Amino acid sequence: MKRKSKLRALINLLAPFLGLILVLVIFSSIPDVQSRFLRAANLKSVATQSVIVALGALGMTLIIISGGIDLSAASNIALSSVVTAYAINAGLPPLLAIVLGMATGGLVGFINGSLITGLRLVPFIITLGMMGIARGVAKWMAGNQKIDAPLTWVNELMAKSPQPSWLLLAPGVWLMIFLAVATAVLLRYTVFGRHVFAIGSNEATARLCGVRTKRAKIIIYSLAGLFCGLSGVMEFSRLTVGDPTVAVGLELDIIAAVVIGGGSLSGGEGSILGSMIGVFIMSFLRNGCTMMGWPNYIQEIIIGVIIVAAVSLDQIRHRRSA
Amino acid sequence: MKRKSKLRALINLLAPFLGLILVLVIFSSIPDVQSRFLRAANLKSVATQSVIVALGALGMTLIIISGGIDLSAASNIALSSVVTAYAINAGLPPLLAIVLGMATGGLVGFINGSLITGLRLVPFIITLGMMGIARGVAKWMAGNQKIDAPLTWVNELMAKSPQPSWLLLAPGVWLMIFLAVATAVLLRYTVFGRHVFAIGSNEATARLCGVRTKRAKIIIYSLAGLFCGLSGVMEFSRLTVGDPTVAVGLELDIIAAVVIGGGSLSGGEGSILGSMIGVFIMSFLRNGCTMMGWPNYIQEIIIGVIIVAAVSLDQIRHRRSA
Amino acid sequence: GKNKATPPAPGEAKVFKIAVIPKGTTHEFWKSIHAGALQAAREQGVEILWKGPQKEDDRAQQITVVEDVISRGVAGIVLAPLDDRALCRPVQDAMREKIPVIIIDSGLQGKDYISFVATDNYQGGVLAAKRMGELLQGQGRIFLIRYQEGSASTTERERGFLETVQKEFPGFRLLVKDQYAGSTTESAYQLAENLIGRFPDVEGIFCPNESSTFGTLRALQESQLAGKVKFVGFDSSPKLVQALRDGHLHGLVLQNPVKMGYLGVTEMVQHLRGQKIPELVDTGVYLATKENMDTAEIKALLTPDLSILD
Amino acid sequence: MDHNPADTLSLEMRRITKHFGATFALDDVNFRLRKGEVHALLGENGAGKSTLVKIISGAVRPDRGEMHLDGRPYGPTDPLEGRRSGVSMIYQELNLAPHLTVEENIMLGTEVHKAGFLKRRDVRKKVRETLEFLHHPEISLDIPVRRLSVGARQVVEISRAIMDRATILVMDEPTSSLTQEDTERLFQVIRKLKDEGVSIIYISHFLEEVQAVADSFTVLRDGKNVGSGPMAEAGLEELIQLMVGQKMRDLFIRTERRRGEALLSLKNLKGKNMQEPLSLELHRGEILGLAGLIGAGRTETLRTIFGLDPLEEGSIEVVGRPGLKTKPWSRIEQGMGLLSEDRQGEGLAISRSIMDNVTLSRFAPYKRFGMLRVKKRAQAVAGWIDSLKIKALSPAQPVSSLSGGNQQKVALARLLHQEADILLLDEPTRGIDVMSKSQIYEWMSQLAAKGKALLFVSSYFPELLGVCDTIAVFYRGELVAVRPAREWGDESLMAASTTGRA
Ligand SMILES: Nc1ncnc2c1ncn2[C@@H]1O[C@H](COP(=O)(O)OP(=O)(O)OP(=O)(O)O)[C@@H](O)[C@H]1O
Ligand SMILES: Nc1ncnc2c1ncn2[C@@H]1O[C@H](COP(=O)(O)OP(=O)(O)OP(=O)(O)O)[C@@H](O)[C@H]1O
Ligand SMILES: [Mg+2]
Ligand SMILES: [Mg+2]
């Protein structure tokens, strides 16, 4: 009896990871890449590659749980990376440049939130508009080019082999982990987090129960904007240039990660753990396919199939447990 | 009294066009392009440019009203255009090639619908998967290249100056108009149309009232797939080659057109007229901005701003009348 | 990665695996590079791993591909960098892992690679400008339709074109020089259509790559202006060759992608076998016109033999 | 006014006006609430009761008029302000976040926290105590509210309101899904709160309830205050006269009918959510009532019959009409129809028009060559609006803009329009005013006389006793007794449904 329940506890613990495990198992069992796929060096590089989408997904999770959507996330990342590069290029101290980059992201998010609550338009429209605006401003600032900024310690944030080597992972990865935990705590253990769920589940109810829905939404979008800003900083750190055309279409990857991780576009559902798993499912899929050297079209097909499979698996489990 | 009510009737009639009128007025009043913007030749070319998105938007309107979403629309267009080119290249009669292209689109839609109802997964995930799969298959079929097909009458479908010149507009434009009217009638004056709205408004209610929701959804996605297929044929007609990389990201334009036109992503709301207006708002915006010779980044910013403005305007009107 | 520490001695039976990383995989240009690389691989008895970023022209994803290829372990990397700066670090990483890198097509800052095999893109733009000057006798209203923001090789071509026009042909009036066609044929088509609607009296157009050239060509054909407007494009595809023959295109600046791919791999193998290789190879730019298109040299560039890929 | 001048006013509303488009929901209404009283707000469906109380809570802002709370001017701009000022409210359309758990819903907006971090331990204890106090300890704190039955949801909503420690507690039809037993409990709570000095506004269409619990009343008719006074002095007749402007007729009108052959036969039926298998027969010309407490399993039985829940064992036979599948569409083809107890969640597509909702389950009369005859449909629906006295501007009005009772009437109209032979009615009179109720009973009776079969679930025993031919009692998921209605009485029904012994 006891052993059985322990086993069940283990299964329950692993359950959300099912899709991810599926992907890992597939690639670890292909003889061709087996030996290299699960190596520390590869895991490190997948982790680093995931930081940008993961940071975006943290904010997007908040937004999607609250019943919204942010199409401007990718443009915001590009804009923030350009601002950071611009600032460093202008000779500002790197730390200030980072702050400016994040602030830009936060500002875009704040504007999103204010317009959504102020004009009472659906988030889809506002952030669609902002998607063009932020991208346009980024290109403008950068003069339609990329900005080559001198190398500083900012570029070390996403170095696969971090400088003090005891760090093991790039500082950006640690930051991502820290922020993921912090956001998860925010969502689960604070009043604000609970309000985010309530707004997404039934906004009218939240309002009638005295939740300040407008304020909460502005905070949600601003927070998400800050995350995008940080993601932009990381993008700059990785690219070493400020590129206004970077991350085109990345908003879909970010949203997909959240949805794969159980977020519902109609609000009220989602989790940080899930979204992070979603991010890593996609990263490992791409990584594995590249390692296999499969042509891109095969890769696209396989990723499509596995996304559906992974989420189906998760769904079946959910239905079982319900 | 009477005159007043006539005026009001006129206003009511024009009301849905407010956003579009705003865009037209803006560009027609800029001295620089004024004279050319509203010319027949320009209107013709805007109409032709809009066909591809418009056809996609017809199907997307059905899907969005029913509470779904189709991220695979653009990939489906690319795949269908490749299939058409492939068939013509293989020496099949053009008509058969068109049928094959449309059938491909319909098949993709059918698979979408069947998986959504069969696996009971959210449309976002299924069509996200299908987005990759269809794109991958298109590239595969085309061998990672454009397929050069010999010129046939299919390429006349999207000719800006159509062959029997009394046609005035390209046959594709007429087809678009005809299908838009047909779909609007389908939505408004048939039982199926009422079911689409009911499913989107409250699926549980629809089921309770004897609507065969699964079957209806499969039909909806298949129809939308057929529209994408036709859109792919038009894309081929326009480009004269089958290009597997065409229309990347177009799904967002299509969805945006529907949402700008009043479609609600949570289902139950939307109209064909609205979606078509959404399509033309975007086309005229792009057309006008290019004519002005503004740099692209300014265009992006302005388009973003006007999308928000146009929809706000519409929203205010709605709130007034409510 | 300690396994590939020293290059094996020449003549050793070991089969190298060499990664060739293009900027994208779905254009004729990259297929030609692929064909050249494959040709070289056959001749040299090595294997190649052909892998581009999943999204065409996405530099962040190209970095990812380089990193993944390093993780996988290969003997060498032949890379067409999407960015002369952003790809520096992954290339450094590769060199640190003792994986040599050869850069093809577009430049890379720094000196962390062993050789650079490319077209002089600026020169390509110059060639186009000169052709335009010749076609219009240095007088007239022209468009420069740009490709995409931030694309280095096309920016160079645009710069070459622009500077030559300004320096040598003061009689030209540039009606448009800041409009970007975007990455797809369709977007180029729409842009060109709208521009022609605005300036129907245009006399000459230059486009800096295949997709923008083809999109613009379609717009010209649709507006019944093909052949009337002097049109110079860049790179080749069957439809463009046809247009050249029909007189719809008046010049096509060509690179030699097959050679680029071929040399990239050949040099890599030579390096791995311990031979010395040149640091810089210019594969040349050529101008194809209706008149010279049937000469053997130009014909081979216009319609490269890709049968090896099948 | 003839009230005791010594009583202090808790809330005073003066000349309140509110209109929605062309509808005047409230027209120059005055309303006074004294401290520590239970004040009943009465009126027909659509009279403006909910609108009035929503103005008090801050959910709706009046066009005109002023309010004083404890003598101070009061004009909440949002519900938060109302709640902060001590006004707490149970909304008619249950006001819960479906994804949140019971505990989270109850504490929503008043979370106890330290520096923003939730402090859950003490809170959980208090929440559990409140549920126990309402005699519903079985409701788990940790399941999402969407998994609860409608009755249980109402209990959750009541818990939230009484935990609030408000000075004014507004209850908009709190008992519409409650059983007599639970209603009694609620009255105990109300009396206790009253003793603590809380003023309570109580809206209900159950006039006996109102007479039992309220101290005074106000009647609204068509958005106007048509009378107020102490409850003790008002008779039932008088209240109804005020509400509808005419004399009350008999509540239960029975039409002569004869029980015919069996039409629906359930053998050892057990659905996915049901606990015990059951067998039952429903005859032509019969109204079969199902009585029981919250969660007794009546709703699940209906859902299983109709194919909304999967059938696990046993059989469902519609005599003479074999069905293709156990799916709702197939049941409808067999001549069955269901009215859901959850009108917002399942019964109605509330964003669609009245017209769409009414005709959704039967389009046949309006089809010609595959096209809908729009005019004919609108006319037909206008007819239904008239005969059910639905307060609406036009058939094209969205259902979401109707008052709760009128929404329920739309749901009912849909089922009547469907012309089903077997009607499965789950709490069909929820939120419907007295006059309309009697009209509905009359219809049910007529339908039965025409040879249709009705399965009537209700938690309101008088209507079961007044309308049904046979009554079956459920107790904890089990069918415990089926007897002709005349063999049941109020007490025996209550005893059977609370103890399971009959
Ligand atoms: N949001 C709205 N939009 C339009 N009309 C509305 C809206 N809310 C209420 N109404 C109208 O106002 C009137 C009063 O509605 P209210 O909900 O106050 O009635 P009620 O007395 O509570 O009725 P019931 O007993 O049915 O609950 C109704 O005619 C209703 O249609
Ligand atoms: N979807 C559901 N998931 C889980 N439990 C449910 C669900 N629906 C109802 N229940 C539970 O099943 C039990 C039976 O509920 P049911 O709705 O059949 O009772 P009922 O007799 O109709 O009472 P009432 O509707 O008045 O609450 C209840 O305890 C309820 O909480
Ligand atoms: Mg009400
Ligand atoms: Mg029930």
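Reminder, nothing fancy here: chain letters follow the sequence lines and each chain counts from 1. Side chains included, hydrogens not; waters and symmetry mates left out as well; all remaining heavy atoms used. Bear in mind the structure is a predicted one, so any value in this text is a computation, not a measurement.
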Could you look at [X] and say if it's the side chain, the backbone, both or neither that has a heavy atom under 4.5 Å from chain B?
X        : value
D:Leu348 : backbone
D:Arg377 : side chain
D:Leu372 : both
D:Arg373 : neither
D:Gln397 : neither
D:Leu415 : neither

| task | Just give me the residue among D:Ser330, D:Pro398, D:Gly345 that pairs up with chain B most often, heavy atom to heavy atom, under 4.5 Å. | result | D:Gly345

| query | Between D:Ser351, D:Gly337, D:Ala22, which has the largest tally of heavy atom pairs under 4.5 Å with chain B? | reply | D:Ser351

| field | Which residues share a salt bridge (charged side-chain N to carboxylate O under 4.0 Å, His left out) with D:Glu317, sequence neighbours left out | value |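 None.
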
| said: Rounded to the nearest 0.5 Å, what separates atom CG in D:Asn357 from atom CG in B:Asn202? | reply: 9.0 Å

| Which pair of heavy atoms, one from D:Ala349 and one from B:Ser201, lies closest together, and at what distance? |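 Shortest heavy-atom separation between D:Ala349 and B:Ser201 comes out as CB-OG, 3.3 Å.
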
| said: Looking at every heavy atom in both B:Thr205 and D:Gly347, which two are closest together, and how far apart are they? | reply: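 The answer is CG2-O, 3.5 Å.
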
| D:Lys391 atom NZ, neighbour heavy-atom count above 12 within 6.0 Å | yes

| task | Count the heavy atoms belonging to other residues, nucleotides or ligands that lie under 6.0 Å from CH2 of D:Trp443, then report whether that count exceeds 12. | result |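 For D:Trp443, atom CH2 is crowded (more than 12 foreign heavy atoms under 6.0 Å).
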
| request: Determine which residues belonging to residues 101-121 of chain B lie within contact range of chain D, meaning some heavy atom pair is under 4.5 Å apart, and list them by number or answer 'none'. | output: none

| What are the residues of residues 184-197 of chain B, in order of number, with any heavy atom under 4.5 angstrom from a heavy atom of chain D? |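 Heavy-atom contacts from residues 184-197 of chain B to chain D are B:Val185, B:Arg188, B:Tyr189, B:Thr190, B:Val191, B:Arg194, B:His195, B:Phe197.
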
Sequence neighbours excluded and cut-off under 3.5 Å, please list the side-chain donor-acceptor pairs for residues 207-229 of chain B, or say none.
| residue | atom | partner | partner atom | Å |
| --- | --- | --- | --- | --- |
| B:Lys217 | NZ | B:Glu203 | OE1 | 3.2 |
| B:Lys217 | NZ | B:Glu203 | OE2 | 3.2 |
| B:Ser222 | OG | B:Ile218 | O | 2.7 |

